[in-house]
Trainee: 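Structure provided below as structure tokens; questions to follow.
Owing to the predicted nature of the structure, the values given are computational and were not obtained by experimental measurement.
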Amino acid sequence: MSKMADYEGPILEIDRLSISFFTRLREIPAVMDFSVRVMPGEAVGLVGESGCGKSTVALGVMQDLGKNGKVVGGSIKFKGRDLSEMSEEELRDVRGNEIAMIYQEPMASLNPAMKIGKQLMEVPMIHEGVSKEEAYSRALEVVTDVRLPDPERMLNSYPHQLSGGQQQRIVIAMALMSKPALLILDEPTTALDVTVEAAVVELVKDLGKKYGTSMLFISHNLGLVLETCDRLCVMYSGEAVERGSIEDVFDDMQHPYTQALFRSIPLPGADKNARPLVAIPGNFPLPHERPPGCNFGPRCDYFEEGRCDAQDIPMVNVHGFERHSTRCLKSEEIDWNAPITVGEQKEKAPIGEVVLKMDNLKKYYEVAANALFGGGETKVVKANETLSFEAHESETLAIVGESGCGKSTFAKVLMGLETATEGKILLDGGEIQDTAIQARDTKTVADVQMVFQNPFDTLNPSMTVGRQIMRALEIFGIGENEAGRRKRMLELLDLVKLPRAFADRMPRQLSGGQKQRVGIARAFAGGARIVVADEPVSALDVSVQAAVTDLLMEIQREEKTTLLFISHDLSIVRYLSDRVMVMYLGHVVEMGTTDQVFSPPYHPYTEALLSAVPIADTSVEKEHIVLEGDIPSAMNPPPGCPFQTRCRWKSEVPGGLCEKEVPPVRMLEGEHQVKCHLADDILARMTPVIKIAAE
Amino acid sequence: MEPLTWTGSFGSIIDPVFQLVGLLFIVAVAAQFIGAYVFAPINDEVHVDGTITRDRGANAIIGTAVRSLLLALCALAAIYIVAGVFAPIGKVGIIGAVAKQFAPVWIALVATFLLSISYKRRLGLYGKLFDSTVGMIGYALLMFWVYTALFVGVFDMIAVNDPLTQLSGMKNKLPGTPLRSVEEGQYAYYLLGGDNLARDVFSRMVHGSVVVILIAPLATLFAFMVGITLGLPAGYLGGKLDTFLSFLANLVLAFPVILLFYLLVTPEIVATGIPNYMAMILFVFPIIFFAVLLNSRFYTRPHLRNPLLAGVMLVMIWTYLCAISAEGTVINILPPTLDLFDIDSGILVVFVSVVFVNSPTVFRIVRGLVLDIHTRDYVAAAQTRGEGKWYIMLWEMLPNARGPLIVDFCLRIGYTTILLGTLGFFGLGLESESPNWGNTINDGRKLLAIYPHPALVPALSLLSLVLGLNLLADGLREESLRD
Ligand SMILES: Nc1ncnc2c1ncn2[C@@H]1O[C@H](COP(=O)(O)OP(=O)(O)O)[C@@H](O)[C@H]1O
Ligand code: SF4
Ligand code: SF4
Ligand SMILES: [Mg+2]
């Protein structure tokens, strides 16, 4: 089967597209009046919060809207031909051959029961009818292209034998097998770790250039879009609100939502006092509860009654720009360069006494080497290796690292869900490392609490919000009776800025951010003094992240809480923490104050992490450090330095020491500690990873 | 008196219509089946203005025909029923007379549906049931029998004769046969005929429903209690306990159940008291379940917990003692004055069997659900607040496993109903006089070739009830998966 004839105009042209889902109760307009154009070789980013309709657009292009989804208006033209006018066969051909899609979850696109090689070879064999040998050589070529080590072995393995990053590379390879003209990527890296994400993004960029593929890159992360795309379309609540080239939109934004979005994300380059986070007030409207007029109206700073809510707002071209349009009536009137009006800045409470002290904490797990028959040989997984630190009252200590580095194990040991293998945990001077949670007294339990990552999981779906908070109060022995506890519960709702009426709601009636607030209220129910926040905002939308972060910091100020903030997002860590601890494979590789960690000298891993953070700022220049390979498994750590398999500085250490000996902890200036063999003069040579270009 | 015909004089007009429509319906269904291969598929087209047209291809037309014919059939059936309820006995024949006897059930059903449908948006999962046709049909079938059992058991309505009385000359008589001599206040017909002991098949059938509707859900509930009480800790605590219980469950599942039943009713075994001991163990589970349930929830509030737990336990333990102790058996601990009731040994066998057969499967389902829910953050949150194991299992996990469990409960009542029938068929369980459907089918079996009606009537009843439960389970599953 041949490709469609070469075509000069835009590869993809979506014109005033509207898509609705029809449910029993109502029609849900998921996308309205949406237009975008993708030229040959161009990468267009589609940015917006979850539920704004990005994926629906992608599925619309694939003509795969399911039983209840319908295109109710507009057209989607691929290489000038309207997709809705194609027959089933033509569509199937276009889908397999000319448009490829990559999903967030790599396993969704892979057949778990089939070897990688076979899955890859099927593509050209079915669509182009090529011979087996040719298909194999093509498969080998793309697998090499996506920079997987040992391509031949890869082709011979099953998907579950690969790591998440490798699986996603295979999916990309599969998409490239048919040399498509258009590649749609729907949040392709959300499920991956930052350093792996950086490598995949790099790969996608290079491949786009090499194959000349046009791309539609869907993401909620502005930084990623900046790094991958030429043009950008910002969506809000089913509509495109601003469209233009990356430079135009990032530097001369013309829509209040875009502006608010930028103001609500922390930029590692910027000073946190000069540029505080500004949360977008309110919540994202549900598709059937959209306001009249401008969808963004209720949350817009520039909202004008009688005007913004009186009419449908059309998409208009911005004067003085090429191909830059916005859906705002007042874009010409707003002074886009006005400085941010900073709300009243509250002083941070002074850092107090040591509350928590970890001394050489170790946690090893014994696992059966052979999963099928327990017994026999066991292996030791060193989840935490000699962890030592102190945390003070009112202090925020960030714990940074990628999945599998031992953050969660550390939290479990601290909470008492597991007991330590060795070492000490001192809470107010008392040792608690060997006391499991059942054996701890109520006060200790209430003192150390946790905020969880996944807002959809953190609350029990079958209990009202109020009940759940009251249960925590009950367990912590607070309040004389039901009435007393109910009163306290309502106060806690006030504390996390939720309306009191929420007490009687079920969790499913709350948005993600609201659930997370309830989770925070629950953690503070017993007057917690140490709160472990495990990626508390990473699963939330950008526009609510800032609000929840601010809330945490505000409560911390008032309650003098010690916050242990676990995260992989260095931007937010830099924004809110006093001290940072970087972990890799169970080891603390670097620890120091925020400034010490974020400026050279770095530990080589910290340096790579910093470089991997996507930054949504065109004036920032980053040094590109792409880490090869994946994080080694904790079951099978490399000998010597844990980071040696991926370290780019290894050659600077004489005598192959990195591969032989675990480096000792070294004290640099101040309390800055680094676990690395690099000599002082080499450390001193390091340059900052993130530079702000001179204006 | 003349024997009744099936549809009486009313039928002479409407029967041909019914037959015609039925025939057309069969033809249409066949056409639909073939058409799916022959004609182009139905195609929806959406226009720019937001309207959708569905093209009127051959398949669409056939589809419409099938639907309208089905509706017509239902309407005709309704006409029989309505006519039967309002016309005097005999005018609409046997069908009319039976429909008339069921009048209270019809009223209750219509009221239930009207109320439920008008408030369906406020009724949670139950309300959603009324969005699924399959679910509604299943629910209607189930409620038909529930209301029948209610009106028969509590108000002594519907049945026309005593289920145990034998009337001379009515042996194996065909449906609609009039009584030889009608006494004052006696119903003049055996509507669905007489069985080989000259008892009224119709009355036995409706009386049988009481036994089924009462025992099947209760016995299933016990099986669930056992399965849940063991499945929760197996899934949550894991380790040796899990290995042991899972092994036990597999062992029981591998046991030839029929053999067990026979053993249980063998006089020698009964004399050793084994069924009683088994019941003793079995009936403890609800007590453990509720004690742990209440204690784990309220231990932080002793003022509430102590009286509550004491009250509930007192009632439950007394009931328990009454249930297990019976005069003349090995366990006779309660003095007769305090022993409020004895459980018939046949019912005991039924309970033991049902629990034995079902609880291992329930155990496995619960264990699987728990393993899944275990990874949720709200469970971790409960752990980090220092909640007890049983609180987490019973209050954090169990309520969130309820969806699949409710569906399974419906299906399992169906199995139990069949099991009851099977037990009855083998002459196990309930006493042989009892009008329950299994026994009746067994009695009727001997003369099946000559007089099918005594066995057919309870068999069809059993079928419709189990079908209803299965459809209901399907509907619930479908609806709980949506949105
Ligand atoms: N199959 C569906 N049925 C009903 N509503 C849907 C369906 N798929 C998506 N939606 C709704 O459409 C809107 C847009 O969803 P989506 O395109 O997935 O957003 P995004 O990809 O930006 O997160 C959401 O409000 C979502 O609830
Ligand atoms: S139209 Fe009005 S409400 Fe909407 S974004 Fe512009 S200023 Fe804000
Ligand atoms: S010890 Fe060696 S391998 Fe490890 S981080 Fe330092 S330079 Fe790299
Ligand atoms: Mg999406």
Trainee: Given that the side chain runs from C-beta out, which part of A:R467 has a heavy atom under 4.5 Å from chain B: side chain, backbone, both or neither?
Mentor: side chain
Trainee: So for A:L459, is it side chain, backbone, both, or neither that comes closer than 4.5 Å to the heavy atoms of chain B?
Mentor: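 Only the backbone of A:L459 comes within 4.5 Å of chain B.
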Trainee: Which answer fits A:Q449, side chain, backbone, both or neither, if we ask what part of it has an atom under 4.5 Å from a heavy atom of chain B?
Mentor: side chain
Trainee: Counting only non-hydrogen atoms closer than 4.5 Å, does A:E27 touch chain B with its backbone (N, CA, C, O), its side chain (CB onward), both, or neither?
Mentor: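 Nothing of A:E27, per the 4.5 Å heavy-atom cut-off to chain B.
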Trainee: Is it the side chain or the backbone of B:A380 that comes within 4.5 Å of chain A heavy atoms, both, or neither?
Mentor: both
Trainee: Judged by atom type as modelled, is there a donor-acceptor pair below 3.5 Å linking the side chain of A:R440 to the main-chain atoms of A:T435?
Mentor: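 Yes, A:R440 side chain to A:T435 backbone: donor-acceptor pair under 3.5 Å.
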Trainee: Which atoms of A:F456 come close to chain B, meaning under 4.5 Å heavy atom to heavy atom: side chain ones, backbone ones, both, or neither?
Mentor: neither
Trainee: Start with the C-alpha distance between A:I437 and B:Q383, add both sets of side-chain angles, then the distance that settles side-chain contact (heavy atoms from CB on, under 4.5 Å), and finish with yes or no.
Mentor: CA-CA 8 Å; A:I437 189 145; B:Q383 287 171 338; 5.8 Å; no
Trainee: So which of A:Q453, A:Q468, A:Q438, A:R485 has the biggest tally of heavy-atom pairs under 4.5 Å with chain B?
Mentor: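 With the most close heavy-atom pairs to chain B, the winner is A:R485.
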Trainee: Can A:T458 and A:R522 be said to form a side chain to side chain donor-acceptor pair (under 3.5 Å), step by step?
Mentor: CA-CA 10 Å; A:T458 185; A:R522 189 179 56 187; 3.2 Å; yes
Trainee: Output the residues of residues 290-300 of chain B for which the shortest heavy-atom distance to chain A is under 4.5 Å, in residue-number order; output 'none' if no such residue exists.
Mentor: B:S296, B:R297, B:Y299, B:T300
Trainee: List the residues meeting side-chain contact (heavy atoms from CB on, under 4.5 Å) with A:D441, not counting sequence neighbours, and say none if there are none.
Mentor: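 Only A:K443, A:T444 meet the side-chain contact (heavy atoms from CB on, under 4.5 Å) criterion with A:D441.
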Trainee: Angle class for the B:Y126/B:F130 ring planes (parallel below 30°, perpendicular above 60°, tilted otherwise)?
Mentor: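 The arrangement is perpendicular - the two ring planes meet at more than 60°.
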Trainee: In terms of heavy-atom pairs under 4.5 Å, which option from A:E482, A:R471, A:E474 contacts chain B the most?
Mentor: A:R471
Trainee: Any idea how B:Y139 and B:F113 line up, ring-wise: parallel (<30°), tilted (30 to 60°), or perpendicular (>60°)?
Mentor: tilted
Trainee: Does any part of the side chain of B:Y119, heavy atoms only, come nearer than 4.5 Å to the side chain of B:L115, both counted from C-beta?
Mentor: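 With C-beta onward as the side chain, the pair touches.
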Trainee: Strictly by modelled atom types, are B:Y378 and B:N400 linked by a side-chain donor-acceptor pair under 3.5 Å?
Mentor: yes
Trainee: Any side-chain heavy-atom pair from A:V532 and A:M415 closer than 4.5 angstrom?
Mentor: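 Side-chain contact under 4.5 Å: yes.
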Trainee: Step by step, work out the side-chain contact (heavy atoms from CB on, under 4.5 Å) result for A:I520 and A:V548.
Mentor: CA-CA 9 Å; A:I520 294 173; A:V548 173; 4.0 Å; yes
